[in-house]
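Structure record follows, encoded as C-alpha cells.
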2 protein chains.
Amino acid sequence: MKVHDHQLQVPGLRMTKQRKEVYRALMENQDHPSASELFDQMQDTESPMSLATVYNCLEAFVEHGAVKQVNIDREPSRYCQNSTPHAHFHEQETGTIHDINFKPGTSLSDILDLPEGTEISNLEITLKGKLPQ
Amino acid sequence: MKVHDHQLQVPGLRMTKQRKEVYRALMENQDHPSASELFDQMQDTESPMSLATVYNCLEAFVEHGAVKQVNIDREPSRYCQNSTPHAHFHEQETGTIHDINFKPGTSLSDILDLPEGTEISNLEITLKGKLPQ
DNA sequence: GTCTTTTTTAGAATAATTCTAAGTTTATTG
DNA sequence: CAATAAACTTAGAATTATTCTAAAAAAGAC
C-alpha cells in the first residue's frame, strides 16, 4: 500500500484514476487551486485528463462534501481540501488565500442577529485585507 | 424638491441622470437585483440606458462604498443598497436574499481565530438555508 | 464658446463554466 | 465469462456574465 492511499477515498464516490489524481493534488497542496491550475498539474501525472473532467471531479467532491468550493468576488472558483467549517482570508498583496478557523465553542449565531429556528445548510465567510507581515 | 431627491447623492460622484435612476431603483427596492434586472427596470424610466451603463454605474457606486456587491456561488452579482457591514442569508426555497445584521457590540474577531494586527478591508458573509416560515 | 475630461453606448471580445454526444471504462446480471 | 447497463471521460461547441473598445455625447473648466 502506497503512502497516502488511505486518504484517496471519498465515501459514496467511485474513485476513478482521474478522481484519485485530482483528489491527491488537492490533499497534498495547501493552497487553493482553481480548476485550470489543477488541469495544468494533471498534465504531468500518469493520467492527464481534460479540463471537463477536472470540473466533473471537483463537482463530485463538492457534492459529496469532501471539498469546499471557494468563490471570491467574480474570480474563478478555487477548491479547498478543508471541508470543515472555516473562513477564508484573501491577502490583498499576494492574492494568497488562508484558512481561518473558528474559535472553539463559538458560532456565527453569536454575532449574527438570526431568527430562532434558522437552519443553515451552508456558509461562506471571506475576508480581504492584510495579515501582519 | 421631489421626494427622495435628497437621497440621490453619492459623495464624490457626479450624478448623471443614468446614475440617478440606477441609484433610485436600488434605494427604493429592498430586494437585491442583478445588473440585468436593473437594466430591465431602466427601460421603463425617463432615461433608458444600455446594459454597459448599468454596469458602469454599479461599479462606480461600489467603488465609492455606496453600494455592496453580493456574490453568491457563481450566480450573477447582485447589488445591495445597504452599505453597512452585514451578512446575507440566501433562502434556498425562494432564492430570496435577506440582510442579516450583526448583534450590537460584536465583531467577526469574536469568533474567528485571526492573528493580532490583521487588517480587514472587506468582508463577505453568506449563509444558505431555511428561515423559520 | 472652446477645450478637456468624464460618461454613455453598441457591439465585439473575453473567459469561466456547462453542455453535448460519442466513446470508454466499470459494474452488474444472468 | 459474456452481455448489458450504468457511470465516467472527452473534445469541442455553447452559454453567459462581464469587460473592453472606440466613437459619440454630455458635463465641467477656462
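All values below were derived from every heavy atom in this structure, side-chain atoms included, with hydrogens, water molecules and symmetry-related copies excluded. In what follows, chains carry the letters A, B, and so on, assigned in the order in which the sequence lines appear, proteins first and then strands, with residues in each chain numbered from 1.
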From CD of A:Glu75 across to C1' of C:dT17 the rounded distance in Å is 16 Å
Hits for side chain to side chain donor-acceptor pair (under 3.5 Å) against B:Glu75, two or more places apart or cross-chain, chain-then-number order -> none
note: A:Leu58, atom CG; D:dT9, atom C1'; distance rounded to Å ~ 14 Å
Going by chain and number, the hydrophobic cluster around A:Val70 (ILVMFWY, side chain to side chain under 4.5 Å) further includes A:Ile72, A:Ile97
From CG of B:Leu38 across to P of D:dA17 the rounded distance in Å is 14 Å
Note to self: Please check this pair: side chain of A:Asn29 against backbone of A:Asp31, looking for a donor-acceptor N/O pair closer than 3.5 Å.
What the structure shows: no
Here the distance between atom P of D:dT9 and atom CZ of A:Phe39, to the nearest Å, is 15 Å
Between OH of A:Tyr55 and P of D:dT15 the distance, given in whole Å, is 18 Å
Separation of D:dT16 atom P from B:Asn71 atom CG, nearest Å, is 19 Å
Besides A:Phe89, the hydrophobic cluster formed by Ile, Leu, Val, Met, Phe, Trp and Tyr side chains linked at under 4.5 Å, directly or via other members, contains A:Ile100, A:Phe102, A:Leu108, A:Ile111, A:Leu112, A:Leu114, A:Ile120, A:Leu123, A:Ile125, A:Leu127, A:Leu131, B:Phe89, B:Ile100, B:Phe102, B:Leu108, B:Ile111, B:Leu112, B:Leu114, B:Ile120, B:Leu123, B:Ile125, B:Leu127, B:Leu131
By side chain to side chain donor-acceptor pair (under 3.5 Å), B:Ser47 pairs with (sequence neighbours left out) none
Whole-Å distance, B:Glu37 CD to D:dT18 P, equals 11 Å
**Q.** OP1 or OP2 of D:dT18 under 4.0 Å from side-chain N/O of B:Ser77
**A.** yes
Side chains of residues 56-63 of chain A: which donor-acceptor partners sit under 3.5 Å, not counting sequence neighbours?
from    : atom 1 : to      : atom 2 : distance (Å)
A:Asn56 : ND2    : A:Ala52 : O      : 3.4

Readout for nucleotides 5-15 of chain C: B = base within 4.0 Å of protein heavy atom, S = sugar-phosphate only, - = neither; 5' to 3' it is -SSBBS-----
